[in-house]
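Down below is the structure, laid out as structure tokens.
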Amino acid sequence: MAAIKPSVPKGTRDFSPVEMTRRNYIFETIKSVFRKYGYQQIETPSMENLSTLTGKYGDEGDKLIFKILNSGDFLSKADSAALDARNSNQLTSSISEKALRYDLTVPFARYVVMHQNEITFPFKRFQVQPVWRADRPQKGRYREFYQCDADVVGSDSLLNEAEFILIYDEALSTLGLKDFTIKINNRKILSGIAEIIGKPELIVDMTVAIDKLDKIGMDGVVNELLSKGFTQEDVDKLEPIILLEGSNYEKLNKLRYILSASTIGLKGCEELETIFEYVNRCKLQRATVDLDITLARGLNYYTGAIFEVKTNETFMGSIGGGGRYDDLTGMFGLKGLTGAGISFGADRIYDVLQELNLFPDSVAQTTRVLICCFDKAGEEYALPLLQQLRAENINTELYPAGTKIKKQFDYANNKGVPYVIVIGSDEIESGLLTFKYMESGTQEKLTINQVLTKVK
RNA sequence: GUAGAUGUAGCUCAGUUGGUUAGAGCACUAGAUUGUGGUUCUAGGGGUCGUGGGUUCGAGCCCCAUCAUUUACCCCA
């Protein structure tokens, strides 16, 4: 068999020991903050029934779901009409009934409905697992990446939204970010704006367009709006709203004036004010909270607050987002249950910390003591010592005998092991171990008990 | 799906208007040093120049196709 060039599917990555150490540091930091705020961890399967996922992310989203081919003779059960017509979309449902999860929110909604009788509401859960998207990878975008989600269902209190801001602030500040912005908006305000303009049916096109303001500028937004069916008159009304400036409270007051004819718009303003009041009673560490009318986010299931987090220290897409969705479980037959949640994009946070050189050196977790010996006798003598060190919770390994001592030191060196014990015939005879400090190169003769006190 | 960029050693990359045997650093192996690494010195292994075709006396270099990677757009973490 010809050797194939080893590679991983595009948009996926291997994680080597150094990277894993750093990734775990990020995950542990975020998870411990989630726990601190009362969230409990769950996991769901990597694959869901395809029908659970389709239709939840819009047409574009559906295309990006990784489908899993049915096992066995899937073609014999395929829709022959679709097959003959080479119609992939129509064929899919007859040859694939499972798919990799696209996010953690929809599987969570499915979980809540299935386990509703065992859950005490409000239910606060967090989940840290990979998700898969079949889109073109590019900077900061992968086809397999981890999300760290915290959601609460069964509580319509805006305290939850306020706590999300605190969670973002605490987790990202702890990770060492010094300047980041939590953007907040409210779907009801967007609805109100669409209502004022008199084009409520075009709210999705409107939000998609104004969401791009910082990327394509006002001219680009105007062009897109005009091409989607808005008139110049609509644009004239919209432009001053989009360009609102001032503090969050100033923006809120102006919005209240603009939206005075829209009940839903005013409701959105009221919600935001309540959230700001909660947050103002708490002290934020490093976060800036910014009311941003242009923040829309693609997911159409949001009904209240919308969040997005961006670092200001480097150029990177958003490193987190979330919002409130009033009826996510309705699709699975459980009506009237409100939810809200946030997500951290761990892979992007990794890239940001890397770029800003914010990983602490101390996160290196490796072997502390390496025992080196020359032959079988040394190996046998070393085993009880090995057990003694490990009993003291010291990461210790014994290099298998039969390798040149030079190679064994190389190994310790490359792995960053700080201490080495050498055992040869002299050591076995005297009971005094050669204990070497790898960094300085110095060594001394010590008993095992002296070694234990040194490395503890 | 649309557009651009890039494919040369395990990795990062040089390679001049097209010219004879394609290089460097890192990594790896061995030796200097048979019980002492990280520094130093010496030697060595490693390449279908992504693939296929074309132009040419001659192609890593030019042309076409194809595949892969990557960046941006759509969309999104």
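Remember, predicted model here, so these are calculated numbers, not experimental data. Every heavy atom of this structure was used, including side-chain atoms; hydrogens, water molecules and symmetry mates were not. Chain letters run A, B, ... following the sequence lines, proteins first, then strands; residues in each count from 1.
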Original post:
Is A:R187 paired with A:E271 through a side-chain N to carboxylate O contact shorter than 4.0 Å?
Top reply: no

**OP:** Give A:K10 one of three labels, base, sugar-phosphate or nothing, depending on what nucleic acid heavy atoms sit under 4.0 Å from its own.
**Re:** sugar-phosphate

Original post:
According to a strict under-4.0 Å criterion, is A:Q147 in side-chain N/O contact with OP1 or OP2 of B:A77?
Top reply: no

**OP:** Taking the six-membered ring for Trp and the single ring otherwise, decide whether the centroids of A:Y168 and A:F344 are under 6.0 Å apart.
**Re:** yes

**OP:** Classify the side-chain pair A:T54/A:D62 by whether it contains a donor and acceptor separated by less than 3.5 Å.
**Re:** no

Subject >> Value in whole Å for how far the P atom of B:A27 lies from CG of A:N413 >> reply: 12 Å

**OP:** Return the nucleotide paired to B:G35: Watson-Crick means purine N1 to pyrimidine N3 with N6-O4 or O6-N4, wobble means G-U with N1-O2 and O6-N3, both under 3.5 Å.
**Re:** none

Subject >> A:F307 CZ to B:A77 P, straight-line distance once rounded to whole Å >> reply: 15 Å

Original post:
Using the P atom in both, what is the distance from B:G25 to B:G50, to the nearest Å?
Top reply: 22 Å

Distances under 3.5 Å between nitrogen or oxygen atoms of protein and nucleotides 29-35 of chain B:
from  : atom 1 : to     : atom 2 : distance (Å)
B:U29 : OP1    : A:K407 : NZ     : 2.9
B:G31 : OP1    : A:K404 : NZ     : 3.3
B:G31 : OP2    : A:K404 : NZ     : 3.0
B:G35 : O6     : A:S425 : N      : 3.4
B:G35 : O6     : A:D426 : N      : 3.4
B:G35 : O6     : A:E427 : OE1    : 3.4
B:G35 : N1     : A:E427 : OE1    : 3.0
B:G35 : N1     : A:E427 : OE2    : 3.2
B:G35 : N2     : A:E427 : OE2    : 2.8

Original post:
Hey, does A:K415 reach any base, or is it just sugar-phosphate, or nothing, if we go heavy atoms under 4.0 Å?
Top reply: nothing

**OP:** With the side chain of A:R133 defined as its heavy atoms from C-beta on, choose the nearest nucleotide among B:C75, B:A77, B:G37.
**Re:** B:A77

Subject >> Nearest-nucleotide 5' precedence on RNA chain B, A:G320 against A:F409 >> reply: A:F409

Original post:
For the rings on A:Y39 and A:F126, is their centre-to-centre separation under 6.0 Å?
Top reply: no

**OP:** With heavy atoms under 4.0 Å as the rule, sort A:G140 into base, sugar-phosphate or nothing.
**Re:** base

Subject >> P gap between B:A5 and B:A9, integer Å >> reply: 22 Å

**OP:** Using atom OH of A:Y142 as one end and atom C1' of B:U69 as the other, report the distance to the nearest whole Å.
**Re:** 15 Å

Original post:
Please give, in whole Å, the distance from B:A77 C1' to A:L295 CG?
Top reply: 14 Å

Subject >> Pairing partner (Watson-Crick or G-U wobble, both distances under 3.5 angstrom) of B:G19 >> reply: B:C57

Original post:
If we call it a pair only when both distances are under 3.5 Å in a Watson-Crick or G-U wobble match, what pairs with B:G7?
Top reply: B:C67

Original post:
Do the side-chain N and O atoms of A:S51 and A:N49 include a donor-acceptor pair separated by under 3.5 angstrom?
Top reply: no

Subject >> Whole-angstrom distance between B:U70 and B:C13, as gauged at atom P >> reply: 13 Å

Subject >> Residue A:V208, side-chain heavy atoms: nucleotide from B:C75, B:A77, B:G38 that is nearest >> reply: B:C75

Original post:
Thinking salt bridges, do A:R141 and A:D347 make one under a 4.0 Å N-O criterion?
Top reply: no

Original post:
What is the ring orientation for A:Y111 with A:F108, classed by angle as parallel under 30°, tilted 30 to 60°, or perpendicular over 60°?
Top reply: parallel

Subject >> Nucleotide B:A77, atom P - distance to NZ of A:K139 in whole Å >> reply: 18 Å

Original post:
How far does the P atom of B:G15 sit from the matching atom of B:A24, given to the nearest Å?
Top reply: 15 Å

Subject >> d(CD1, A:I26; C1', B:A77) in whole Å >> reply: 13 Å

Original post:
Say you pick atom C1' in B:G53 and the same atom in B:C67; how far apart are they, in whole Å?
Top reply: 14 Å

Original post:
So, do A:F344 and B:A77 meet the stacking rule of ring centres under 5.5 Å and planes under 30°?
Top reply: no

**OP:** List for me each residue that meets side-chain hydrogen bond (donor to acceptor under 3.5 Å, both in side chains) alongside A:Q450, sequence neighbours excluded, and say none if there are none.
**Re:** A:T447

Original post:
Could you state the CG-C1' distance from A:N414 to B:A27, rounded to the nearest angstrom?
Top reply: 10 Å

Original post:
Which part of the nucleic acid, if any, lies within reach of A:Y411 when heavy atoms closer than 4.0 Å are counted: base, sugar-phosphate only, or nothing?
Top reply: nothing

Subject >> Under 3.5 Å donor-acceptor pair, A:R141 side-chain atoms to B:U70 base atoms >> reply: no

Subject >> Base-pairing mate for B:U2 - Watson-Crick or G-U, with both contacts under 3.5 Å >> reply: B:A72

Subject >> Value in whole Å for how far the P atom of B:U69 lies from CZ of A:R13 >> reply: 15 Å

Original post:
Side chains of A:D326 and A:T303: donor-acceptor distance under 3.5 Å anywhere?
Top reply: yes

